[in-house]
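Data block below; observations after.
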There are 2 protein chains.
Amino acid sequence: MYSQAEENYLKTIYALEREYGNEVSTNLIANKIKTKASSVTDMLKKLALKKLVIYKKYQGVYLTEPGRLTALRVIRKHRLWECFLVQKLNFKWDEVHDIAEQLEHVKSELLISKLDAFLRFPKLDPHGDPIPDEQGRIIKRQTMSIVEMKIGASGTLVGVKDSSETFLKYLNKKNLGLGDKVKVIDIEPYDNSYHIETKTHRLVITSNVAENLLIKNVKR
Amino acid sequence: MYSQAEENYLKTIYALEREYGNEVSTNLIANKIKTKASSVTDMLKKLALKKLVIYKKYQGVYLTEPGRLTALRVIRKHRLWECFLVQKLNFKWDEVHDIAEQLEHVKSELLISKLDAFLRFPKLDPHGDPIPDEQGRIIKRQTMSIVEMKIGASGTLVGVKDSSETFLKYLNKKNLGLGDKVKVIDIEPYDNSYHIETKTHRLVITSNVAENLLIKNVKR
DNA sequence: ATCTTTATTTAGACATATCTAAAATAATAT
DNA sequence: ATATTATTTTAGATATGTCTAAATAAAGAT
Ligand SMILES: [Mn+2]
Ligand SMILES: [Mn+2]
Ligand SMILES: [Mn+2]
Ligand SMILES: [Mn+2]
């Protein structure tokens with residue numbers, strides 16, 4: 001159906017639409033997928049021709065309904081494969097992204113539905129991201145970044161905004177993982193660092209790190 | 001490392017070297033992978049430049065040691081994925097080839113070694129083909145095509161030369177599968193058809209079909 | 001309102017992999 | 001040995017996806 005390159009662009013546009021507002025700019029895409037703006041322009045024209053995006057010169061792009069659905073289908077495959085790698089092959093959560101990046105492009109409806117069943121229809125991937133269903137429906141989770149929390153507030157770490165290997169390895173080193181209870185002990189005004197506490201230990205994180213940690217059921 | 005196209009050519013050359021003698025001709029490759037002879041020539045030049053094959057104009061090609069090893073590594077991945085699809089995802093043996101054709105190109109040493117362990121280090125794929133190890137070592141099985149058998153001889157069906165969906169579906173329909181005990185009852189001289197018998201039934205197969213069935217432990 | 005900087009697009013090139021049609025070579029037949 | 005046929009290679013074209021450098025448009029500053 002669509003090429004790997006096309007699928008990667010659609011996925012990227014989808015993610016950037018969620019992260020920022022509506023229209024996504026050429027440079028934003030170029031940075032995200034480490035390519036040149038001119039290459040992006042070329043691809044956007046092609047995707048627009050195939051009615052997967054709405055693209056107006058100098059105005060950025062956004063996905064059409066078919067484009068959005070295609071993106072979600074690729075994301076579904078990516079996240080199911082990540083589950084497989086962690087749950088069945090005993091990969092760590094920081095090792096799976098690049099492999100899933102390849103596996104997500106394998107074409108077979110049957111394969112993905114059988115994989116889904118084999119994994120017992122998981123709802124979340126190893127990074128806490130929701131897995132879209134066959135129809136591209138995706139649940140929206142009620143979470144809050146640590147930077148939005150007040151001193152004294154606590155909740156459960158259920159997701160990360162950044163799934164890069166470096167960030168996940170940092171969390172491993174700091175002994176932070178999904179499911180951990182987290183409480184904000186103090187916020188240092190000077191550098192905006194957060195002093196947090198888990199069941200087992202205390203630590204200090206930068207606001208940059210705090211921004212990337214998603215908490216559920218925040219109390220107080 | 002190598003592109004999908006390059007890997008597919010190497011795999012094809014490897015298979016044709018086994019099937020026919022030494023040097024493999026341009027047209028033979030072209031037919032096998034359903035492309036044009038001119039495309040094959042182009043690719044052979046490229047592979048020769050990368051020292052994966054020895055190619056002399058009008059003389060056909062054969063694999064170098066690095067070429068053979070690369071081919072075997074792709075074959076290893078193909079067959080391990082086929083095992084996964086059948087054993088874990090409950091695919092039928094006639095449904096897995098095309099999907100494995102894609103999965104075999106996923107790049108990750110770790111993935112394939114973990115998959116191997118997950119499957120408990122299988123030695124044969126669902127079509128009875130041996131799986132090379134990490135070093136490209138592959139066992140050679142003692143088998144015989146039914147066309148080589150005499151009337152009254154019997155043995156166990158352990159492999160097929162043709163793993164195409166159509167052939168495998170034909171075998172399903174005729175209730176023939178790996179592990180079946182098979183005996184040659186009669187050979188019709190007029191059309192060279194074989195009358196064979198299994199534990200459960202008798203049937204007549206053409207010599208073309210007989211050629212593609214591999215038998216082990218042939219007695220009498 | 002004009003100048004300057006930044007963002008985006010276009011033009012032209014390159015790499016990969018494929019094709020058709022024509023030319024060259026090898027194999028076969030007379 | 002020469003003619004015919006089959007195989008293989010070359011030449012030139014196309015499609016995809018990328019890049020650099022130059023041109024254009026938009027945004028920001030004075
Ligand atoms: Mn991922
Ligand atoms: Mn990808
Ligand atoms: Mn393949
Ligand atoms: Mn097989």
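Sequence lines set the chain letters: A, B, ... in the order given, protein chains first and strands last, and positions in each chain run from 1. The analysis underlying the following values was restricted to heavy atoms, covering all of them including side chains, and did not include hydrogens, waters or symmetry mates.
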Using a 3.5 Å cut-off on both pairing distances, which stems of three or more Watson-Crick or G-U pairs include DNA chain D? C:1-30 with D:1-30

Nearest whole angstrom, please: distance from the [atom2] of [N] to the [atom1] of [X].
| X | N | atom1 | atom2 | value |
| --- | --- | --- | --- | --- |
| A:Gln4 | D:dT18 | CD | C1' | 15 Å |
| B:Leu44 | D:dT10 | CG | C1' | 14 Å |
| A:Asp42 | D:dA15 | CG | P | 15 Å |
| A:Tyr2 | D:dA15 | OH | P | 19 Å |
| B:Lys46 | D:dT10 | NZ | C1' | 16 Å |

Is any side-chain nitrogen or oxygen of B:Tyr55 closer than 4.0 Å to OP1 or OP2 of D:dT9? yes

Does a side-chain N-to-carboxylate-O contact under 4.0 Å join A:Glu134 and A:Arg73? no

Basic-acidic side-chain contact under 4.0 Å: B:Lys77, B:Glu82: no

Qualifying residues under ring pair (Phe, Tyr, Trp, His ring centres under 6.0 Å), relative to A:Tyr194, sequence neighbours excluded: none

Who passes ring pair (Phe, Tyr, Trp, His ring centres under 6.0 Å) against B:His78, sequence neighbours left out? B:His97

Please output the side-chain donor-acceptor pairs of residues 115-123 of chain A that fall under 3.5 Å, not counting sequence neighbours, one pair per line with the distance.
residue, atom, partner, partner atom, Å
A:Asp116, OD2, A:Arg76, NH2, 3.2
A:Lys123, NZ, A:Phe121, O, 3.1

With sequence neighbours excluded, what pairs up with B:Asp98 under the salt bridge (charged side-chain N to carboxylate O under 4.0 Å, His left out) test? none

List in chain and number order the residues that pass salt bridge (charged side-chain N to carboxylate O under 4.0 Å, His left out) with A:Glu109, two or more places apart in sequence or in another chain; answer none if no residue qualifies. none

Cut-off 3.5 Å, no hydrogens considered: what does the side-chain donor-acceptor table look like for residues 46-58 of chain B, sequence neighbours left out?
residue, atom, partner, partner atom, Å
B:Lys50, NZ, B:Glu6, OE2, 2.6

Looking only at the side chains, is there a donor atom on one of A:Trp81 and A:Asp125 sitting less than 3.5 Å from an acceptor on the other? no

Pair A:Ser164-A:Asp162, side-chain donor/acceptor within less than 3.5 Å: yes

Only pairs at least two apart or in different chains count here, so list each salt bridge (Lys or Arg N to Asp or Glu O under 4.0 Å) that has a residue in residues 83-97 of chain B. B:Asp94-B:Lys169

Generate the contact string for nucleotides 22-28 of chain D. Rules: B means base contact, S means sugar-phosphate contact only, - means no protein heavy atom under 4.0 Å. --BSS--

Options D:dT18, D:dT10, D:dG17, nucleotide nearest the side-chain atoms of B:Thr41: D:dT10

For A:Ser193, side chain to side chain contact (heavy atoms under 4.5 Å, CB included) partners two or more places apart: A:Glu188, A:Asp191, A:His195, A:Val204

What are the residues of residues 15-37 of chain A, sorted by number, that bring a heavy atom to within less than 4.0 Å of DNA chain D? A:Thr35, A:Lys36

I want to know whether B:Phe84 and A:Phe84 have ring centres closer than 6.0 Å. yes

Interface limits on DNA chain C, where chain B has a heavy atom under 4.0 Å of a nucleotide atom: C:dT16 to C:dA26

